[in-house]
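Read the structure below first, then the notes.
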Amino acid sequence: MKCGFCGYEFDEEDANSGCVSCPLSSGCNKLKCPRCNYENPPEPALVQKIKKLLKRIGR
Ligand SMILES: [Zn+2]
């Protein structure tokens with residue numbers, strides 16, 4: 001995915017996990033950019049599907 005702040009592209013697995021110390025829940029699913037630590041909202045499943053489709057086509 002692409003960071004909405006600095007434009008850096010990273011894998012969701014490489015993202016720093018969001019508020020680990022968040023007292024409200026066991027994580028809010030936000031993906032932190034490894035470069036600037038901006039908290040990106042997770043991509044909706046629909047967007048991920050479309051991206052996979054585009055990859056398959058070989059855009
Ligand atoms: Zn960033």
Side-chain angles (χ1 to χ4, degrees):
M1 69 175 297
K2 201 173 189 179
C3 172
F5 186 74
C6 71
Y8 180 68
E9 282 202 60
F10 57 96
D11 255 329
E12 280 167 42
E13 290 147 26
D14 291 337
N16 299 325
S17 39
C19 19
V20 176
S21 56
C22 188
L24 290 177
S25 65
S26 54
C28 55
N29 288 333
K30 283 193 175 173
L31 300 162
K32 275 192 177 180
C33 171
R35 195 198 225 177
C36 69
N37 256 2
Y38 173 77
E39 284 186 344
N40 292 280
E43 291 186 320
L46 182 65
V47 173
Q48 290 184 352
K49 262 187 197 169
I50 292 170
K51 278 193 174 176
K52 270 184 193 166
L53 270 178
L54 285 175
K55 258 188 195 171
R56 206 179 292 165
I57 293 165
R59 167 174 74 97

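Predicted model, so just to flag it, every value in this text is computed and none were measured.
- Taking NZ of K52 as the reference point, atom CD1 of I50 lies at 12.5 Å (rounded to 0.5 Å).
- The other members of the hydrophobic cluster of Y38, by chain and number, are F5 (side-chain heavy atoms under 4.5 Å, ILVMFWY only).
- In this view, D14 satisfies the side-chain hydrogen bond (donor to acceptor under 3.5 Å, both in side chains) rule with no residue, not counting sequence neighbours.
- Nearest heavy atoms, M1 versus E12: SD-CG, 4.0 Å.
- Separation of atoms OH (Y8) and NZ (K2) is listed at 13.0 Å; rounding is to 0.5 Å.
- Remark: the backbone N or O of G4 is paired with a side-chain donor or acceptor of N40 at under 3.5 angstrom.
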